Amino acid sequence: MKYKRIMLKLSGEAFLGDRAAGIDPEFTLKIAKQIKEVYDMGTELCIVIGGGNIFRGLSAAEHGLGRTTGDYIGMLATVMNSLALQESLEKIGLEVRVQTALTIIEVAEPYIRRKAVNHIKRGRIVIFGAGSGNPYVTTDMAAVLRALEMDCEVIFKATKVDGVYDKDPAKHEGAVKYDRLKHDEVLINNLKVMDPSAIALARENETPIIVFDINKPGNITKAILGENIGTIVTHL
Ligand code: UDP
């Protein structure tokens with residue numbers, strides 16, 4: 001195993017399945033099974049989930065809703081996704097705690113770093129909901145922040161694309177995929193990996209990011225084993 005403790009950042013879209021919006025429990029179960037595979041290998045897992053399948057503050061702001069309110073709604077959407085994944089993981093026998101950056105104690109623990117570390121030590125998976133608790137950023141930033149706080153060695157950014165391209169591969173035939181990139185190259189060339197603020201924080205702390213396609217079963221395991229499955233962003 002190349003990595004022992006990881007931050008898995010799942011985009012909300014990974015929960016869509018064939019739906020236009022919302023959560024498809026069949027998909028959360030599929031992802032849960034991939035997670036179990038690496039958990040059983042001894043991987044310690046911290047997870048941050050986006051909310052894009054339900055709500056994004058920026059898109060709502062474009063349609064007249066205040067950005068701050070939109071962002072808080074977006075953060076609440078990530079809590080819904082966190083609860084859905086928690087249930088799928090528990091269904092297959094894993095112990096999970098959801099901790100949220102906005103307190104909703106009826107459904108989840110509040111985020112307390114020392115407690116989260118303790119959960120991991122006891123063999124539990126911790127899902128961090130409600131992003132960072134602050135508007136004007138996204139769950140990419142939350143993933144980097146929590147990865148640093150939790151001493152994760154790497155961030156696995158699981159999306160629906162199989163890596164980072166020079167142009168959007170959905171729009172441009174002949175878009176070229178990168179195997180390796182430096183944080184600096186991502187920022188200078190404005191490549192779509194994560195939010196620039198999240199990349200900058202990862203660069204400052206030399207945190208590697210691996211971008212890969214979550215829809216290919218076995219990909220999380222391959223990434224844990226150090227196989228080249230997408231694009232790796234490092235400071236070297
Ligand atoms: N959000 C926020 N602060 C955070 C994390 C998330 O305001 O720390 C809001 C923001 O509006 C964002 C939405 O929650 O658009 C959903 O998160 P994100 O867009 O990162 O989801 P993803 O694209 O990964 O599904």
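Whatever order the structure lists them in is the order used to number ligands and atoms, beginning at 1. Counting begins at 1 with the first residue of the sequence. Because only heavy atoms are used, hydrogens play no part in the values below, and waters and symmetry mates are left out as well, while side chains stay in. Quick caveat: nothing in here was measured; it's all calculated off a predicted structure.
More than 12 heavy-atom neighbours from other residues, nucleotides or ligands sit within 6.0 angstrom of CZ on R19. Enclosure of atom NZ in K2 is not indicated, since only 12 or fewer non-hydrogen atoms of other residues, nucleotides or ligands lie within 6.0 angstrom.
Protein heavy atom in closest approach to atom 24 (O) of ligand 1: K9 NZ, 2.9 Å. Counting only heavy atoms of the protein, atom 14 (O) of ligand 1 lies nearest to G74 C, 3.1 Å. The shortest contact between atom 12 (C) of ligand 1 and any protein heavy atom is with G57 N, 4.2 Å. The protein heavy-atom contact nearest to atom 17 (O) of ligand 1 is G51 N, 3.5 Å. If you check which protein heavy atom lies closest to atom 23 (O) of ligand 1, you get R56 NH2, 2.8 Å.
Considering backbone and side-chain N/O of T78, none are found under 3.5 Å from N/O of ligand 1. Ligand 1 has no N or O atom lying under 3.5 Å from any N or O atom of Y72, backbone or side chain. At least one N or O atom of T139 sits closer than 3.5 Å to an N or O atom of ligand 1. Here's the thing with D71: one of its N/O atoms is less than 3.5 angstrom from an N/O atom of ligand 1. For ligand 1, the polar-atom distance check against V137 finds a nitrogen or oxygen pair separated by under 3.5 Å. Close N/O approach between A130 and ligand 1 is not found [any backbone or side-chain N/O within under 3.5 Å].
Proximity of I49 to ligand 1, defined as any heavy-atom pair under 4.0 Å, is not found for any part of the residue. Here M141 has no heavy atoms under 4.0 Å from ligand 1, in either its backbone or its side chain.
Under the 3.5 Å distance criterion, with hydrogens and angles disregarded, a donor-acceptor pair is assigned to the side chains of K9 and T139. Using modelled atom types and a 3.5 Å distance limit, the side chains of N219 and D213 yield no donor-acceptor pair. No side-chain N or O of H183 forms a donor-acceptor pair with one of R203 less than 3.5 Å apart.
Each of the following atoms of ligand 1 lies closer than 4.0 Å to a heavy atom of G50: 21 (O), 22 (P), 24 (O), 25 (O). Remark: ligand 1 atoms within the under-4.0 Å shell around heavy atoms of P135 are 7 (O). Close approach of ligand 1 to N134 (heavy-atom distance below 4.0 Å) involves ligand atoms 2 (C), 3 (N), 4 (C), 7 (O), 8 (O). Short contacts between ligand 1 and S11, defined as distances under 4.0 Å to a heavy atom of the residue, involve ligand atoms 24 (O), 25 (O). Listed by number with element, the atoms of ligand 1 under 4.0 Å from a non-hydrogen atom of G12 are 22 (P), 24 (O), 25 (O). Contact atoms of ligand 1 toward S132: 4 (C), 8 (O) (distance under 4.0 Å to a heavy atom of the residue). Ligand 1 places these atoms under 4.0 Å from at least one heavy atom of G52: 21 (O), 22 (P), 25 (O). Residue F55 approaches ligand 1 through these ligand atoms, each under 4.0 Å from one of its heavy atoms: 13 (C), 16 (C).
Salt bridge annotation for R113-E149: absent, with no cationic side-chain nitrogen under 4.0 angstrom from a carboxylate oxygen.
Figure legend: R146 and Y111 shown as a cation-pi pair, the cationic atom lying under 6.0 angstrom from the six-membered ring centre and within 45 degrees of its axis.
Tested against V186, the residues I209, V211, T231, L181 include a single side-chain contact (heavy atoms from CB on, under 4.5 Å) partner, L181.
Counting heavy atoms from C-beta outward, S88 and I31 have side chains that stay 4.5 Å or more apart.
Note that CD1 of I127 and CD of E109 are 11.5 Å apart. Values are rounded to the nearest 0.5 Å. Atom CG of N81 sits about 5.0 Å away from atom CZ of F15, to the nearest 0.5 Å.
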*Derivation and outcome, salt bridge (charged side-chain N to carboxylate O under 4.0 Å, His left out), residues R97 and E95*: CA-CA 7 Å; R97 296 289 184 274; E95 248 198 281; 3.5 Å; yes

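In this structure, the side chain of T103 does not engage the main chain of I105 through any donor-acceptor pair within 3.5 Å.
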